[in-house]
Amino acid sequence: KGEKNMTLTNVANVDKLLPIYCVDTEEKKVALTINCAWENTDIDKILNSLKEYNVKVTFFVVGDFAKKYPESVKAIYDAGHEIGNHTRNHYDMTLLANEEDCNKFVEEIMITHKTIYEVTNVIPPMIFRFPKGDFSIRSMAMVHDLGFRTYFWSHAYNDYGIDVLKEEAYNNLVTHLHNGAIYLLHP
């Protein structure tokens, strides 16, 4: 999506079953990702800031978020950002990765995929992020079998539910900066 921006569907080709935590690159680029699960309070502010600095990011949205805030998800898409799947309701997918719950596992992902499509009218990329990063080998294989790539992060900034000074936030993020880093943020 442009030389200045790195989103998750245009990163290096690696084994599709393995989760991606960062990208091996000499280029001075990072991927910013934002998980949207609960409230859309700051989405407009975030989109305005991203536009001001010509930055594209990947938003991983929960299906319930997309149903509750379709205008926010549409605005994210219309602004040129990538939208990934973060399950229907932020459920611990390792608990569903067994024989008796496998249909619920598939529903968590595919209902969200369909919801994103209904909101944006575009087939979303086949990218997925496990809630809280909780996964098992079986759940990873099940996501892969559905055709999705799994993305994690090299640094998750604990930015939700707390008031953080801008300088503190900046210092925390810069400390973990490296080429190909994938940052996890929240609205």
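By the 4.5 Å heavy-atom criterion applied to side chains, I46 and F59 are counted as neighbours. Between Y69 and E39, some side-chain heavy-atom pair lies under the 4.5 Å cut-off. Residues H178 and C22 have side chains in contact (heavy-atom distance under 4.5 Å, counting atoms from C-beta outward). N98 places none of its side-chain heavy atoms less than 4.5 Å from the side chain of F105. Contact check for C36 versus V62: no side-chain heavy atoms found under the 4.5 Å cut-off. Looking at heavy atoms from C-beta onward, F152 lies out of side-chain contact with I20 at the 4.5 angstrom threshold. In this structure the side chain of E27 never reaches within 4.5 angstrom of the side chain of N179, judged on heavy atoms.
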Could you go step by step and tell me if I83 and I127 meet the side-chain contact (heavy atoms from CB on, under 4.5 Å) rule?
CA-CA 8 Å; I83 300 176; I127 58 175; over 6 Å; no
Walk me through whether N85 and R129 qualify under side-chain hydrogen bond (donor to acceptor under 3.5 Å, both in side chains).
CA-CA 6 Å; N85 190 316; R129 177 169 281 161; over 6 Å; no
Carefully, step by step, assess F65 and N40 under the rule side-chain contact (heavy atoms from CB on, under 4.5 Å).
CA-CA 8 Å; F65 177 92; N40 72 338; 3.9 Å; yes
Evaluate the criterion side-chain contact (heavy atoms from CB on, under 4.5 Å) for residue pair Y183 and V30; output intermediate values, then yes/no.
CA-CA 8 Å; Y183 281 103; V30 300; 4.3 Å; yes
Carefully, step by step, assess T150 and M140 under the rule side-chain contact (heavy atoms from CB on, under 4.5 Å).
CA-CA 8 Å; T150 302; M140 185 70 69; 3.4 Å; yes
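Atoms CG and CZ, from D145 and R138 in turn, are 9.5 Å apart once rounded to the nearest 0.5 Å. A distance of 7.0 Å separates OH of Y91 from NZ of K104, quoted to the nearest 0.5 Å. Separating the NE2 atom in H155 from the CD1 atom in I182 is a distance of 13.5 Å, to the nearest 0.5 Å. Expressed to the nearest 0.5 Å, how far CG of L184 lies from OG1 of T33 amounts to 5.0 Å. In this structure, I34 CD1 and I76 CD1 are separated by 7.5 Å, a value rounded to the nearest 0.5 Å. Between the CZ atom of R88 and the CE atom of M93 there is a distance of 9.5 Å, given to the nearest 0.5 Å.
Both L146 and M126 belong to a single network of hydrophobic side chains, linked directly or stepwise wherever heavy atoms of I, L, V, M, F, W or Y lie under 4.5 Å apart. The hydrophobic cluster containing F128 also contains V106, counting ILVMFWY residues as joined when their side-chain heavy atoms lie under 4.5 angstrom apart, directly or transitively. Residues I137 and M142 are members of separate hydrophobic clusters, defined by side-chain heavy-atom contacts under 4.5 angstrom among Ile, Leu, Val, Met, Phe, Trp and Tyr. When hydrophobic clusters are built by joining Ile, Leu, Val, Met, Phe, Trp and Tyr residues whose side-chain heavy atoms come closer than 4.5 Å, directly or via intermediates, L185 is not grouped with V174. In the hydrophobic clustering of ILVMFWY residues, with side-chain heavy atoms under 4.5 Å counting as a link, V57 and V122 come out together.
At most 12 heavy atoms of other shown residues, nucleotides or ligands fall within 6.0 angstrom of atom NZ in K114. The environment of OH in Y21 is crowded: more than 12 heavy-atom neighbours from other residues, nucleotides or ligands sit within 6.0 Å. Counting non-hydrogen atoms of other residues, nucleotides and ligands closer than 6.0 Å to CD of E26 gives a total of 12 or fewer.
Ring geometry for F130 against F135 counts as tilted: the plane angle lies between 30° and 60°, on a 0 to 90° scale. Ring pair F60/Y151 is tilted by interplanar angle, where 30° to 60° counts as tilted.
No donor-acceptor distance shorter than 3.5 angstrom exists from the side chain of H81 to the backbone of K56, with no hydrogens or angles considered. Within the 3.5 Å criterion, the main-chain N or O of H86 finds no donor-acceptor partner in the side chain of H90.
L95 and D101 make their closest contact through O-OD2, 3.6 Å (heavy atoms, listed as atom of the first residue, atom of the second, distance). The two residues I116 and G84 have their closest heavy-atom pair at CD1-O, 3.8 Å. Heavy atoms only, all atoms of each residue included: D42 and P187 are closest at OD2-C, 4.3 Å. The nearest pair of heavy atoms linking A66 to T115 is CB-CG2, 3.7 Å. Shown here for A79 and L47, the closest heavy-atom pair between the two residues is CB-CD2, 4.3 Å. Minimum interatomic distance between T112 and V61 (heavy atoms only, all atoms of both residues): CG2-O, 3.7 Å.
Taking the side chain to side chain contact (heavy atoms under 4.5 Å, CB included) definition, one finds that I123 meets it with H113, Y117, sequence neighbours left out. Legend: residues meeting side-chain hydrogen bond (donor to acceptor under 3.5 Å, both in side chains) with N171, ordered by chain and number and at least two apart, are absent.
Under the 3.5 Å distance criterion, with hydrogens and angles disregarded, no donor-acceptor pair is assigned to the side chains of E82 and Y77.
Here the two rings, on H186 and W38, have centers that are 6.0 Å apart or farther.
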